[in-house]
Amino acid sequence: MRFIPVDEKKKAETLAFLAKHERFCVSLVEHIRLGGSESFTVESDARETLGIISVKSRMLLCIPNARSLQNDGDFYTSLKAFLSDKKISCVNGEADASHLIMNILAEIGRMPLHVNEYALMTFSEAALKKIQAKDKRHAAVPEEPQMCGMRTECAAADPISENTAATDEKACCEKFKIVRCGIRDADALMPLQLAYEAEEVLPPCRTQNPAVTRKNLERILKTEYVVALQNSRGEPAAKANTNAVGIRWAQIGGVYTAPDFRRKGCASLLVETLAEKIVASKRLPVLYARNGNEGAQKAYAALGFRKTGGFTIAYY
């Protein structure tokens, strides 16, 4: 068993392997495309690629046959030895592969402080065809979107009225529009980002650091595709963004609606908008919904997303 660093010579071969399993590892694909430091190809003695792992503090992984490989003594022992001196704060990957790593770390004496389980959801064929056949809703966007590293001005869409059944009179009268956000919107989005991380991201074993949240938000605004639902005063009621952009897939995340505007379809509208942009970029959308969050899973299912696997994040 060999662990071969992914360098420029190995990059194309590594991405070709990942492309076959990309919906489970879009973040890893993006990491490799952008340089892939601390990334390794796991290769058998027969020179067969068994997986790709990145062992920075956040461990990203793609081990397609994890369930069968956990019974392979040579693979298991070699991976255990390789991970023994790695400082890993988080394991992030397809459920079977993540649990394989968790079992190995447990044998080393490292137990997770918290584990989140997610449904991996991808577009149904019918939903994809519907979007492909649909006229572009956002005529104000002048060019085809480039889903990675693009920094542009916010692009307004057709105004969307709030649900008139709302009990809050002010909310009833609000007019909203979908905007593409950039770095200049960091201040406006910061309250939503803080709330999103506190409610949806940070496990009980972590304490929120606003400076880290701000840094993360600015990175997202500079490198990802971010949309928000904004009122006439420029105040965002909801947000969503790509978390990672791969070769043929793009991962949607960061979906959050302020409490006063929930159950009005705000998040669904933004996810649908991102899905349309992703499909227009010749990619497919994928997202993760936490197990137990039936509301989110139902909302995504109504847009055409179907559960096609599991995803696990373990914090150490």
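Quantities reported herein were computed from a predicted structural model and do not represent experimental measurements.
Under the 4.5 Å side-chain heavy-atom criterion for ILVMFWY residues, a single connected hydrophobic cluster contains both Phe75 and Val55. Under a hydrophobic clustering in which Ile, Leu, Val, Met, Phe, Trp and Tyr are joined whenever their side-chain heavy atoms come within less than 4.5 Å, directly or via other members, Ile4 and Ile53 fall into different clusters. Taking hydrophobic clusters as Ile, Leu, Val, Met, Phe, Trp and Tyr residues chained together by side-chain heavy-atom distances below 4.5 Å, Phe17 does not share a cluster with Leu69. At a threshold of 4.5 Å between side-chain heavy atoms, the hydrophobic network of Ile, Leu, Val, Met, Phe, Trp and Tyr places Ile278 and Leu269 in one connected group. Under a hydrophobic-cluster definition in which Ile, Leu, Val, Met, Phe, Trp and Tyr are linked whenever side-chain heavy atoms come within less than 4.5 Å, directly or via other members, Leu60 and Val201 are assigned to different clusters.
Judged by distance alone, with hydrogens and angles left aside, the side-chain atoms of Arg180 form no donor-acceptor pair with the main-chain N or O of Tyr225 at under 3.5 Å. Under the 3.5 Å distance criterion, the side-chain polar atoms of Ser98 are left unmatched by any main-chain donor or acceptor of Ala95. Looking only at distances, a side-chain donor or acceptor of Asp45 sits under 3.5 Å from a matching main-chain atom of Met1. A donor-acceptor distance shorter than 3.5 angstrom exists from the side chain of Glu22 to the backbone of Arg248, with no hydrogens or angles considered. Asn103 contributes no side-chain N or O that, together with a main-chain N or O of Leu100, makes up a donor-acceptor pair within less than 3.5 Å. Between the side chain of Gln70 and the main chain of Arg67, a donor-acceptor pair closer than 3.5 Å is present. Judged by distance alone, the side chain of Arg58 and the main-chain N or O of Val91 form no donor-acceptor pair under 3.5 Å. The main-chain N or O of Gly309 is never found under 3.5 Å from a side-chain atom of Arg23 such that the two would form a donor-acceptor pair. Side chain of Ser124 to main chain of Gly304: a donor-acceptor pair is present (N/O by atom type, distance under 3.5 Å, no hydrogens or angles).
Taking CD from Glu117 and CZ from Arg290, the interatomic distance works out to 11.0 Å, rounded to the nearest 0.5 Å. In this structure, OG in Ser39 is found 11.0 Å from CG in Leu61, a value given to the nearest 0.5 Å. Atom CD of Glu272 is separated from atom CD1 of Ile131 by 6.5 Å, given to the nearest 0.5 angstrom. With values rounded to the nearest 0.5 angstrom, Ser268 atom OG is found 5.0 Å from Leu303 atom CG. Atom-to-atom distance recorded for Lys11:NZ and Leu18:CG is 12.0 Å, nearest 0.5 angstrom. To the nearest 0.5 Å, the span separating CZ on Phe305 from CG on Leu120 amounts to 10.5 Å.
Annotation: side chain of Arg110 is not in contact with side chain of Ile104 (no heavy-atom distance under 4.5 Å). Put simply, the side chain of Ser54 reaches to within 4.5 Å of the side chain of Leu28, judged on heavy atoms. Side-chain contact between Val271 and Ile252 is present, with heavy atoms from C-beta onward closer than 4.5 Å. For the pair Arg206/His114, no side-chain contact is recorded, criterion being any heavy-atom separation below 4.5 Å from C-beta on. Looking only at side-chain heavy atoms (C-beta outward), Pro203 and Leu113 stay at 4.5 Å or farther from each other. Using a 4.5 Å heavy-atom threshold, the side chains of Val255 and Tyr300 count as touching. Side-chain contact between Asn92 and Phe311: present, with at least one pair of heavy atoms (C-beta onward) separated by less than 4.5 Å. With contacts defined as side-chain heavy-atom distances shorter than 4.5 Å, the pair Asn65/Leu50 does not qualify.
At a threshold of 4.0 Å, the pair Lys10-Glu13 counts as salt-bridged, since one of the basic side-chain nitrogens sits closer than that to a carboxylate oxygen.
In this structure, Lys86 places its NZ atom where more than 12 heavy-atom neighbours from other residues, nucleotides or ligands lie under 6.0 Å away.
A cation-pi contact links Lys239 to Tyr196, judged by a cut-off of 6.0 Å to the six-membered ring centre and 45° from its axis.
Side-chain contact annotation: Asn293 with Asn291, donor-acceptor N/O pair under 3.5 Å absent. Using modelled atom types, one finds no donor on one side chain facing an acceptor on the other under 3.5 Å when comparing His31 with Glu38. With hydrogens and angles left out, the side-chain atoms of Thr41 and Thr49 include no donor and acceptor closer than 3.5 Å. Between Asn216 and Glu197, the side chains place a donor N or O and an acceptor N or O closer than 3.5 Å (distance only, hydrogens not considered). Using a 3.5 Å distance cut-off with no hydrogens or angles, the side chains of Arg262 and Tyr256 do pair a donor with an acceptor.
The shortest heavy-atom contact between Leu15 and Arg33 is CD2-CG, 3.8 Å. Nearest heavy-atom pair, Gln297 versus Ala119, reported as atom, atom and distance to 0.1 Å: NE2-CB, 3.8 Å. Scanning both residues, Asn243 and Asn241, for their nearest heavy atoms gives OD1-ND2, 3.1 Å. Summarising the geometry of Ala314 relative to Val115, their closest heavy-atom pair is CB-CG2, 4.1 Å, with the distance given to 0.1 Å.
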- List the steps, then state whether salt bridge (charged side-chain N to carboxylate O under 4.0 Å, His left out) holds for Glu218 with Lys215. CA-CA 5 Å; Glu218 291 181 357; Lys215 184 178 180 180; over 6 Å; no

- Query: Given Tyr316 and Met102, is the side chain to side chain contact (heavy atoms under 4.5 Å, CB included) satisfied, shown in steps?
  - Reply: CA-CA 10 Å; Tyr316 289 83; Met102 291 162 61; 3.4 Å; yes

- Stepwise side chain to side chain contact (heavy atoms under 4.5 Å, CB included) test for Ile178 and Leu229: CA-CA 5 Å; Ile178 299 172; Leu229 201 59; 3.8 Å; yes

- Message: Between Arg47 and Arg2, does the side chain to side chain contact (heavy atoms under 4.5 Å, CB included) criterion hold? Intermediate values first, please.
- Response: CA-CA 9 Å; Arg47 301 204 170 184; Arg2 301 190 302 167; 3.8 Å; yes

- Query: Do Gln208 and Leu194 pass the side chain to side chain contact (heavy atoms under 4.5 Å, CB included) test, and can you show the C-alpha distance, the side-chain angles, and the key distance before you say yes or no?
  - Reply: CA-CA 8 Å; Gln208 189 168 48; Leu194 282 166; 3.8 Å; yes

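Just one residue in the list Leu217, Thr223, Leu221 forms a side chain to side chain contact (heavy atoms under 4.5 Å, CB included) with Arg219, and that residue is Thr223. Among Gln251, Glu224, Arg283, Lys277, the single residue meeting the side chain to side chain donor-acceptor pair (under 3.5 Å) criterion with Thr242 is Glu224.
By the 30° and 60° cut-offs, the orientation of the rings of Phe82 relative to Phe3 is parallel.
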